[in-house]
Structures are given as structure tokens and as C-alpha cells.
Amino acid sequence: MQFSKANEFHYEPYWYRGLEYPKEQERGYNSTEDLYVPGYFEMKIRKGESIVFSASTSEIKTSGLKRLFDKEVEARQPRDNFFHCLVNAAHQFHNRKKTSGRYILAGYPWFKCRARDQFIALPGLTLSIGESDYFELVMATAEQGLREFMERKDLSVAITEMDKPDVMLWCIWAIQQYAKEVGTEQCIEKYGKLLHDLLTYIIDGKHPNLLLHDNGLVYAEGKNTAITWMNAMLDGRPVNPRSGYIVEFNALWYNDIRFAAELLRNGETAELVEQLDTIATNCKESFVKTFVNQYGYLYDYVDGNMVDWSVRPNMILAAALDYSPLEQNQKKNIVDICTRELLTPKGLRSLSPKSEGFTPVCAGDNNYRTRIYHQGTAWPWLGGFYLEACMKLYKRTRLSFIERQLVGYEDETITHCLGTIPEYFDGNPPYKGRGAISFAMNVAGILRTLALLEKYKY
């Protein structure tokens, strides 16, 4: 431990016994600790003077501390406003292994790179802040992993959960955002072959758990394992066993095949485009018949005679995506019910207060938190899709409302963890942040919304 100014170290060792950590105690972990303090530094300081402190495993010349500090500050994104804090947080999710692979970490402190999280977060963390080059680097690594998965090879990339059935759907959505940012020609050049291969892989029935049915919808088996973003598992079973026709899977599927058909229409893939057009027509009709109920919102999933009536936020994708199987009035109904039952200042609740099992505060020991993880907690990344749906439906008339919603996140950058957004929030006031201290999908969702807001303003 060194300072840029002469000082004296006073050796006065103390043990502080039985320090308590309330958050660890709340989460059911060991929560007391003894801490040793060897002493303290003392020096004179003038009014307005700055002193640089350095902690390291090796000693350096203190005369260069100020210069080194200024160099480090210059190289980093300043955290002098809300947007810059989010940009700085976006860069913190960048991860590079010893090889040339580039990744997006799902969050801090315990998350690794998860396939679904990476594709959902990637556009917001890169394209929304003008960093399409890093999008391309991450996508290159991800494409390698996707191709190894399709060829049933062991993955050489450090990406987990590549087998989840919606991963390819989110990948195509991410490519769609890239096309809107850099143009269709560049998108086709870089990702046209990947789009073709992902879609034919699904259409040909090669995916182990994403089956295309004759009605144009995709079906996934999720009774025995968690296959969606609502991935809590307890005693080897999914807490929310979402299975069959899952609403966000099929909203993504319709969007993806419509996007791909438009992107590839003028290329050398006429046969695939014709096939996609036919599937999209069937999917649109089947989606409405399968998911739209008499109360105007969408079932969360449908599996044979099993229908989930829970009001959950997954249906918002059908209103927010560029290509939707729904008519305008149906999308408006979804936005309205999300506004009435799911909207909070911190995003959309994972379950409506009117639905059975609603539990807005996710606190307690690990088993209890796992059981209620998606039973009413609020998620900013879903709030991002809600705000996107609002902009698409109501254009400039909702911009002030969206700005007010975004203000609700600014205080979080100095509350749960400095300069970033946590994993989830309580579903009821005061909407306390909980879980991982920094979560990629949430930071990305807010950055995407800020970028969209600017586009709608002008």
C-alpha cells in the first residue's frame, strides 16, 4: 500500500471480532467474520490537494503514481452521468479468454457467459453505443459455438447453455438489430450464411428440443428441465415448467422467419425464402388461435390441454418485435394489461399480483429465493421491450412517459452497485434491487431503450 505523498505508518494492530453482514444473513449464508487491521497511515494534506493511493502485489516508485492514475482515468469511460455509467458498465461485461474468443458475461459476481443472455444483451451493449466492431467479434465466437453445436461436436468456446431451444431464435433477433444498424448488404455479407444454416437446421427438425410443427409454431419440451429464461430449478425440477408452445419462443420465431425472408429475398436462397413465407403465414394464423384468449392477453404457454393463464411479461415480445403475428388492437391489449398489472418503475413484473403465487420480495435462504425467483420480481430488460412496444404503438406521444420510466433507473447506479444495474428488483414498493450486483441484459435493455428514444425524437 503506497501513497503519492510522504506519510507515516502507525503500527497499531487490532482484531475486530464478530462483524455482521446483514445481506449475507438475509440470504442464509455465513454472515459473521473477524477482521484484522494492522494500523493506519498519517500525512499532512492541504486544502484542495489530491493524494493517490495504490494497492498492489508489488512495489513501484511513488513519484509515478499520479501520472499512472491520470493515464488510467483517461483510458476509461467517465462516469459523470447516467449514460456514461451504463456505457462503462457495458464494457465491464466484455470478456476475452487466452484465445482470441470474445464473450459477454451474463453478470457479476457469479455469472459466466450464457448463450441466451449473450444474444439478448449483445445489441444493447454494442450497437446502441456505436460499437458494432465488438458485436462482430462476439458474434464470430458465438457462430463458432453454434456451428459446433449443430455438428454435435464438443464446444471449444466458453459459452454455456448453448442447447437451450430459444438460443438460435435470440441469435437471429440479434442479427436483425445489426442489420438495422449497419445495413442489409453488410448484414447479408457477414451473417447471411449463418441465418440460412440456423433456419434450415430448425426447419429440418435437427434441433434436439425445438420442433417445427405443421401449424407453423415451434414446440419445446420443458416439463423436466428449465428451458426458458425463467430457469429456476429446485430438487432437480423446474420451478416454472414451461413446456409446449411457449409464447416468447413463437413470437421470436415469427419475427425471425419474416426478417430472414425479407433479408434473403434478393439473394440465391429463393427456395428457403418461399419456405419461410409459407411457414410465416401458417405461424401467424396459429399464433392467434393458440395464444390469444378472450380477455385480450396471451397464454404464457400451451401444451395440449394444458393452458397457463398466468399473466406474465413474456407476451410483451409479441407486441415489441418488428414483425408480429398480432394486429394493432391485439398488441395494444397486451401493452394495456402489462401497464395495469406488470409495470413498475424498475421494469415488468415476472408475474401479475392477480395471479396465483405472486411473491414480490425475493429474499430469504437459497431454496426460498429459488422458489419465488420468477413469481413477481421486476426485470428491467423486459421493461425495455415494453417501452419499445409503447414507442412502436404510440410513436412520439409516449416519449415523455418513457423518459420518466428511464429516470427510475438512474438512482440504482449509486444504490446496489456503483455505476450499474442489478439483476432484478422487488415487484412492490420500494422496488429494492437484489440478486447479482450487475446484470448484462438489464444494462443492455436500458441502453437499447435510450437509443430508440433518440431515434423517435427526431
Side-chain angles (χ1 to χ4, degrees), residues 82-83 85-93 104-108 111 114 116-129 131 135 138 166 169-170 173-174 176-178 180-181 228-230 248 251-252 255 312-322 335 338 342-350 374 377-392 398 401-413 416-417 419-425 427 431 433-456:
F82 180 46
F83 177 73
C85 282
L86 294 177
V87 173
N88 184 75
H91 294 159
Q92 291 173 345
F93 297 115
I104 296 293
L105 292 178
Y108 287 99
F111 286 115
R114 302 190 300 193
R116 177 191 299 113
D117 296 60
Q118 176 165 274
F119 289 128
I120 294 175
L122 186 55
L125 299 183
T126 57
L127 303 176
S128 296
I129 55 176
E131 296 179 1
F135 178 100
V138 173
D166 58 336
L169 305 179
W170 281 114
W173 172 83
Q176 181 183 19
Q177 311 316 304
Y178 179 85
K180 290 191 290 185
E181 193 67 27
T228 76
W229 77 273
M230 301 175 70
E248 75 270 24
L252 281 164
N255 172 78
R312 292 193 181 273
N314 305 302
M315 60 180 168
I316 194 62
L317 267 72
L321 296 172
D322 290 342
V335 170
C338 285
L342 301 178
L343 183 63
T344 77
K346 309 299 182 185
L348 293 187
R349 295 185 179 102
S350 49
H374 301 107
T377 46
W379 298 77
W381 72 274
L382 287 165
F385 282 108
Y386 166 83
L387 296 175
E388 183 176 0
C390 285
M391 283 186 270
K392 287 177 177 176
R398 285 288 177 96
F401 163 75
I402 291 165
E403 287 176 334
R404 290 195 302 273
Q405 281 292 124
L406 292 171
V407 166
Y409 296 113
E410 190 160 352
D411 288 346
E412 296 306 321
T413 59
H416 201 69
C417 180
T420 188
I421 306 296
E423 185 179 0
Y424 57 86
F425 295 83
Y431 307 109
R434 299 185 188 272
I437 59 175
S438 185
F439 200 60
M441 294 200 303
N442 289 342
V443 173
I446 298 169
L447 282 170
R448 276 195 74 236
T449 306
L450 287 168
L452 282 169
L453 185 63
E454 290 303 307
K455 290 179 181 178
Y456 273 87

Using side chain to side chain contact (heavy atoms under 4.5 Å, CB included), reason through Ile446 and Leu406 one step at a time and then give a plain yes or no. CA-CA 7 Å; Ile446 298 169; Leu406 292 171; 4.2 Å; yes
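- Between Cys338 and Ile316, the shortest heavy-atom distance links the atoms SG-CD1, 4.0 Å.
- The nearest pair of heavy atoms linking Ala89 to Gly419 is CB-O, 3.7 Å.
- When all heavy atoms of Ala121 and Ala444 are compared, the closest pair comes out as O-CB, 3.2 Å.
- A 4.5 Å side-chain heavy-atom check between Phe425 and Pro345 finds every atom pair outside the cut-off.
- Here the two rings, on Phe439 and Phe111, have centers that are under 6.0 Å apart.
- Between atom CG of residue Leu317 and atom CG of residue Leu252 there is a gap of 5.0 Å, rounded to the nearest 0.5 Å.
- Side-chain N/O atoms of Trp229 and Asn314 include a donor and acceptor closer than 3.5 Å.
- The shortest non-hydrogen separation linking Cys390 to Phe401 is SG-CE2, 4.3 Å.
- How far CE of Met315 is from CG of Leu342: 5.5 Å, rounded to the nearest 0.5 Å.
- Under the 4.5 Å side-chain criterion, counting only non-hydrogen atoms from C-beta, Leu343 is in contact with Gln405.
- Residues Phe82 and Val407 form no side-chain contact, since every pair of their non-hydrogen atoms from C-beta on lies 4.5 Å or further apart.
- The line from CD of Glu423 to OH of Tyr108 is 14.5 Å long, rounded to the nearest 0.5 Å.
- Looking at heavy atoms from C-beta onward, Met391 lies out of side-chain contact with Lys455 at the 4.5 angstrom threshold.
- Below 30°, between 30° and 60°, or above 60°: for His374 and Trp379 the angle between ring planes is below 30°, a parallel geometry.
- Looking at Asn442, its side chain does come within 3.5 Å of a backbone N or O of Pro422 through a donor-acceptor pair.
- Side-chain atoms of Tyr409 do not come within 3.5 Å of backbone N or O of Val443 as any donor-acceptor pair.
- In this structure a side-chain-to-backbone donor-acceptor pair under 3.5 Å is missing from Glu388 to Gly383.
- Looking at His416, its side chain does come within 3.5 Å of a backbone N or O of Gly433 through a donor-acceptor pair.
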Under the side chain to side chain contact (heavy atoms under 4.5 Å, CB included) criterion, do His91 and Ile129 qualify, and how do the steps go? CA-CA 10 Å; His91 294 159; Ile129 55 176; 4.1 Å; yes
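- Thr344 contributes no side-chain N or O that, together with a main-chain N or O of Gly427, makes up a donor-acceptor pair within less than 3.5 Å.
- Arg434 places no side-chain N or O within donor-acceptor distance of the main-chain N or O of Tyr424, the cut-off being under 3.5 Å.
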Test Leu86 against Leu450 for side chain to side chain contact (heavy atoms under 4.5 Å, CB included), laying out the working first. CA-CA 11 Å; Leu86 294 177; Leu450 287 168; 3.8 Å; yes
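- The shortest heavy-atom contact between Gly124 and Ser128 is O-CB, 3.4 Å.
- In this structure, the separation between CH2 on Trp173 and CG on Asn255 is 9.5 Å, given to the nearest 0.5 Å.
- Expressed to the nearest 0.5 Å, how far OG1 of Thr449 lies from CZ of Phe385 amounts to 9.0 Å.
- Under the rule for a salt bridge (Lys or Arg N to Asp or Glu O under 4.0 Å), the partners of Asp322 that lie at least two apart in sequence or sit in another chain are Lys180, Lys392.
- A heavy-atom distance below 4.5 Å is found between the side chains of Leu125 and Ile104.
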Derivation of the salt bridge (Lys or Arg N to Asp or Glu O under 4.0 Å) call for Glu181 and Arg448: CA-CA 12 Å; Glu181 193 67 27; Arg448 276 195 74 236; over 6 Å; no
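- Taking CD from Gln92 and CG from Leu105, the interatomic distance works out to 10.5 Å, rounded to the nearest 0.5 Å.
- Looking at every heavy atom in both residues, Val335 comes nearest to Ala389 through CG2-CB, 3.9 Å.
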